[in-house]
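Okay, structure first, notes after.
Numbers here are sequence positions counted from 1. Computation of the quantities below employed the complete heavy-atom set of this structure, encompassing side-chain atoms and omitting hydrogens, waters and symmetry-equivalent molecules.
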Amino acid sequence: MAAGTVAILVTDDDAPALWDVYEAGLACVVFGVDHFDPWYTMRLCGLNPAAPRARSGWVLSPEHGVEGLQGADTIIVPSVPQAVLDGTEPLDPLLVKELQDAAANGVRIASLCNGAFVLAEAGLLDGRRATAHWSYTDRLARRFPEVRVDDSVLYIDDGSILTSAGAAAGLDLCLHLVRQDFGAHVANQLARKLCVPAHRTGGQAQFVTRHVPDTDDDSIAPVLEWAAGHLDRPLTVAQLARRAGMSQRTFFRRLHEATGSTPLRWLLAQRVAHAQALLETTSLSVEQVAQRCGLGTGTNLRRHFTAHVGVTPTDYRRAYAG
């Protein structure tokens, strides 16, 4: 017996961007191709079944309107209309109702990348952990404070509602669904067929670009720049406060206003980010990297690096060294 019907929802009824085509394509490749027998039945659904066209000339041509969501066992939402993402227009009420009805009936609903904004607009993420592309998670958290946004993971399985981070993380979530439905062996076979890992270690924290934040506070910006350039030293809060010419209490408050973090957490994040750069661009040993970024020993580096990035320094270098 097949694993049921998967409805893939194309939410943009005007001119979907290339990323929307990519995300929808991931889901179609997994659920719309008969990789094994039995397999899924796929429906491509949209607000406008009249073949919206992407700017590149690619065409997404839904066979069904939103009524095609009815009776599906799984609904995949791989994208979000740009106006909904920007907050300038609400989600179509008909779509909101269909998604809410499906959720009430226990249908499994998964968003890929910023499709999480669609689920949030429909109220399906209230009180739940959720994720999206790391560059939009702050926006998701601001727009929907009821959602417990986690930007450190590749995907989140919260029972009948699932969300993934951006781009290739959508494929991770699709393979997770296959694993749920057919077991690890079939999911591993499919991953091998697609030339991807069956299960990636780590989370999207390893892809986030970190930098010294811009701030209008001229009293603190120079010391942040200085600290970022001297991470090999055993820096202390007292030392940084003195260099900024302020009390430790004032320095703590100013840094928190500029970065949203405490001084020690900020320093640790900078040290880990510097370690990432060294692992990507040099052949230094883990011990040498630890010394250069101020974490002292390889053991200390491994502990903090794995906690922040989600993978070990060795695994990170293997994936990203140029």
Run the side chain to side chain contact (heavy atoms under 4.5 Å, CB included) test against Leu125 and tell me which residues pass, sequence neighbours left out.
Ala116, Leu119, Ala120, Ala130, Val147, Ile161, Thr163
Should His64 and Leu69 count as side-chain neighbours, where that means a heavy-atom distance under 4.5 Å?
no
Pairs meeting criterion ring-ring contact (aromatic ring centres under 6.0 Å, His included) with involvement of residues 85-129, two or more places apart
none
side-chain contact (heavy atoms from CB on, under 4.5 Å) with His274: of Asp232, Val289, Leu231, Leu295, only one passes, and it is Leu231
Which residues share a side-chain hydrogen bond (donor to acceptor under 3.5 Å, both in side chains) with Asp34, sequence neighbours left out
none
Within this structure, what is the CD-OG1 distance for the pair Gln70 and Thr5, rounded to the nearest 0.5 Å?
13.0 Å
Looking only at heavy atoms, the pair that brings Cys174 and Ala27 closest together is SG-CA, 4.2 Å
Is there a donor-acceptor contact under 3.5 Å from the side chain of Arg139 to the main chain of Leu85?
yes
Mind running side-chain contact (heavy atoms from CB on, under 4.5 Å) on Thr41 and Val6 for me, showing each step along the way?
CA-CA 6 Å; Thr41 300; Val6 175; over 6 Å; no
Min side-chain heavy-atom separation Thr297-Arg302 under 4.5 Å:
no
Do Asn114 and Glu23 have side-chain N/O donor and acceptor atoms under 3.5 Å apart?
no
Step through the shown structure and confirm whether more than 12 heavy atoms of other residues, nucleotides or ligands are within 6.0 Å of CZ on Arg292.
no
Rounded to the nearest 0.5 Å, how far apart are CZ of Arg303 and NE2 of His308?
10.5 Å
Joint hydrophobic cluster, Phe252 plus Leu235, side-chain heavy atoms closer than 4.5 Å:
no
Under 3.5 Å: donor-acceptor pair, side chain of Asn300, backbone of Gly296:
no
Does the pair Leu267 and Leu240 meet the rule for a side-chain contact (heavy atoms from CB on, under 4.5 Å), with working shown?
CA-CA 11 Å; Leu267 272 173; Leu240 296 177; 4.0 Å; yes
Roughly how far, to the nearest 0.5 Å, is OG1 of Thr74 from CE of Met42?
13.0 Å
Evaluate Val30 against Tyr40 for side-chain contact (heavy atoms from CB on, under 4.5 Å), listing each step before the verdict.
CA-CA 9 Å; Val30 171; Tyr40 301 91; 5.5 Å; no
Same cluster or not: Leu279 versus Leu284, using hydrophobic residues (I, L, V, M, F, W, Y) connected whenever any side-chain heavy atoms lie under 4.5 Å apart?
yes
When rounded to the nearest 0.5 Å, the distance separating CG of Leu9 from CG of Leu95 is 5.0 Å
Side chain to side chain contact (heavy atoms under 4.5 Å, CB included) against Thr88, all qualifying residues, sequence neighbours excluded
Ala83, Asp86
Heavy-atom donor-acceptor pair, Gln100 side chain to Leu124 backbone, under 3.5 Å:
no
Considering only heavy atoms from C-beta outward, does the side chain of Leu162 approach that of Ser111 to under 4.5 Å?
no
Got a donor-acceptor contact below 3.5 angstrom from the Arg108 side chain to the Ser160 backbone?
no
Using a 3.5 Å distance criterion without hydrogens, assess whether the side chain of Arg271 forms a donor-acceptor pair with backbone atoms of Cys293.
yes
Where do Val286 and Leu301 come nearest, in terms of heavy atoms and distance?
O-CD2, 3.6 Å
So which atom in Ala290 and which in Gly298 form the shortest heavy-atom distance, rounded to 0.1 Å?
CB-N, 3.9 Å
Nearest heavy-atom pair of Ala169 and Ser164: which atoms, and what distance?
O-CB, 3.8 Å
Any chance CZ of Arg253 has more than 12 other-residue heavy atoms, nucleotides or ligands included, within less than 6.0 Å?
yes
Parallel, tilted or perpendicular: which fits the ring planes of Phe182 and Trp39, with parallel below 30° and perpendicular above 60°?
parallel
I'd like to know if the side chain of Asp151 reaches the main chain of Thr137, judged simply by a donor and an acceptor atom lying under 3.5 Å from each other, with no hydrogens or angles considered.
no
Side-chain donor or acceptor of Gln288 paired with backbone N/O of Ser285 under 3.5 Å:
yes
Which atom of Ile156 lies closest to which atom of Val153, heavy atoms considered:
CG1-CG2, 3.5 Å
May I ask whether Val33 and Val178 are part of the same hydrophobic cluster, defined by side-chain heavy atoms of I, L, V, M, F, W, Y residues being less than 4.5 angstrom apart, directly or through others?
no
Is the shortest heavy-atom distance from the side chain of Leu112 to the side chain of Ile76 under 4.5 Å?
yes
Can you check whether Phe305 reaches Thr312 side chain to side chain, under 4.5 Å on heavy atoms?
no
Leu194 CG to Leu26 CG distance, which is reported to the nearest 0.5 Å
9.5 Å
Straight-line distance of His35 NE2 to Gln189 CD, nearest 0.5 Å
12.0 Å
Any chance you could lay out the side-chain contact (heavy atoms from CB on, under 4.5 Å) test for Glu280 and Arg317, step after step, and finish with the verdict?
CA-CA 6 Å; Glu280 292 176 20; Arg317 167 171 274 165; over 6 Å; no
Taking the side chain as everything from C-beta on, heavy atoms only, tell me whether Asp126 gets closer than 4.5 Å to Phe144.
no
Tell me if a side-chain donor or acceptor on Thr131 pairs with a main-chain N or O of Asp150 at a distance below 3.5 Å.
yes
Sorted by chain and residue number, the ring pair (Phe, Tyr, Trp, His ring centres under 6.0 Å) partners of His304 (sequence neighbours excluded) come out as none
Cationic N near anionic O, under 4.0 Å, Asp158 to Arg128
yes
Using a 4.5 Å cut-off on heavy atoms from C-beta on, say whether the side chain of Arg43 contacts that of Ile8.
no
Hey, could you give me each pair passing ring-ring contact (aromatic ring centres under 6.0 Å, His included) that has a residue in residues 227-248? Not counting sequence neighbours.
Trp226-His230
Val272 and Leu268, any side-chain heavy atoms less than 4.5 Å apart:
yes
Mind listing the closest non-hydrogen atom pair of Phe251 and Met246 along with its distance?
CA-SD, 3.4 Å
